[in-house]
Amino acid sequence: MDFYSALEDLVAQIPAGKIAFLGDIAQALGDKAAAVALPRALARISVSCGEAKRVLKADGSPILPGTLAALKRDGVAVSGLIVEGAERFAFREFVSNRPLQRLRNIQRKCARRVVLRDGVRKPRTVAGVDVSYNEDRAIAAAVLMDSETLHTIAEAIAEVDVAFPYIPGYLAFRELPPLLTALRSLPAKPSLLFVDGHGILHPAKCGIAAQLGITAKIPTIGIGKSYLVGEINSKIIGKGAAVPVRIGGRIMGYAFRSSESKHPIFISPGNMITPKTALRLTRAVCLSRVPEPIRLAHVMATEKRKRKNDT
DNA sequence: GCGACAG
DNA sequence: ATCTTGTCGC
């Protein structure tokens, strides 16, 4: 059963005359933190699920258009733009197998398979992957290049419909299928792969770069453009500087100021590499803020999407 | 007062 | 990620 069906099942459990809060639905899905991602997912299923109009934010405000009118018909007291005292109508007795909790367990299992030893020290080739989106249609690109000259050797593109929304912490369940398809379309396996997203710098120590590295059995490095987890004590001085990011006191990656921008990138091992080597090899391919292989894959995926859009 | 939640 | 215009600077 896919995520959207699981969400539909939950929402369908909300009885007429009652409402449900985002946080409680997220809880029923197995991760309270997923609440922030639900409005978008609810909009996606709303066509086939009228009960989605019974879902409210914690402050009693509606998510979907038409919610207040629908609730009025159901006999829920609406005042102004919100449901006053929504708590009184709250439904919480959801029956669920908590799909996100299951996925978290898969990540934990995957984390145990991660190898934090160097599988490469001097890669001959490097590759980068990235995804662009048209709704839930993913366009993934993979670029293979010479690690020394940074000349492109080969490119591949793949289009895949995804059935999983973007939820922080669960990115791999959305992007892994398209990325794998693009990666496998390359004429050769790269010695090292850069992935757009974190590696072990992840709540379950298993971000998309780790999962991809395990699945494809190659060394991978995760490159996050924004913070996800970890403690950072020291400050990053200037361009080219890096500071460790720790989880439980252990160095899991680095915040690296790769460009003039004050926003660093977050480097962490995906698989078959140490944090230190990941930092060194990333430095070697950063001509701008983002490693070249990823930057090129990003450009490729985006251009492909745009070309399709105005055709 | 308490939070940093990738793309 | 995507939606968007002009604009500042190398």
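The structure presented is a predicted model; accordingly, all values stated were derived computationally and were not measured. Just so we're on the same page: letters track the sequence lines, and every chain starts at 1.
Using a 4.0 Å cut-off, some side-chain N or O of A/Lys225 falls inside it from OP1 or OP2 of C/dA1. Under 4.0 angstrom from either OP1 or OP2 of C/dA1 there lies no side-chain N or O belonging to A/Arg174.
Under the 30°/60° scheme for interplanar angles, the aromatic rings of A/Phe91 and A/Phe94 are found to stand perpendicular. Below 30°, between 30° and 60°, or above 60°: for A/Tyr227 and A/Phe266 the angle between ring planes is above 60°, a perpendicular geometry.
A/Phe266 comes within 4.0 angstrom of nothing in the nucleic acid, heavy atoms only. If you check every strand for non-hydrogen atoms under 4.0 Å, A/Gly207 touches a base. Within 4.0 Å (heavy atoms only), A/Ile208 reaches at least one base atom of the nucleic acid.
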Which atom pairs link the protein and nucleotides 4-10 of chain C when you take only N or O atoms and keep those under 3.5 Å?
none

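Under a cut-off of 6.0 angstrom, the local environment of CZ in A/Arg117 is sparse, with at most 12 non-hydrogen atoms contributed by other residues, nucleotides or ligands.
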Here DNA chain B, pairs taken as Watson-Crick or G-U under 3.5 Å and shown with ( ), [ ] when crossing and | when to another strand, reads .......
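With respect to A/Ile153, the side-chain contact (heavy atoms from CB on, under 4.5 Å) criterion is satisfied by exactly one of A/Val143, A/Thr125, A/Leu186: A/Thr125.
Hydrophobic clustering (ILVMFWY, side-chain heavy atoms < 4.5 Å, transitive): A/Leu29 and A/Tyr170 are in one cluster.
For the atom pair CG of A/Leu10 and CD1 of A/Ile25, the computed distance is 7.0 Å after rounding to the nearest 0.5 Å. To the nearest 0.5 angstrom, A/His198 atom NE2 is 10.0 Å from A/Ile267 atom CD1.
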A/Tyr166/A/Arg40 under side-chain contact (heavy atoms from CB on, under 4.5 Å): CA gap, chis, key distance, verdict: CA-CA 9 Å; A/Tyr166 167 68; A/Arg40 188 173 276 274; over 6 Å; no
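When the C1' atom of C/dT2 is taken as reference, atom OH of A/Tyr166 falls 13 Å away, rounded to whole Å. Rounded to whole angstrom, the span from the CG atom of A/Asn134 across to the P atom of C/dT2 amounts to 9 Å.
Nucleotides of DNA chain B that come within less than 4.0 Å of any heavy atom of chain A span, from the 5' end to the 3' end, B/dA4 to B/dG7.
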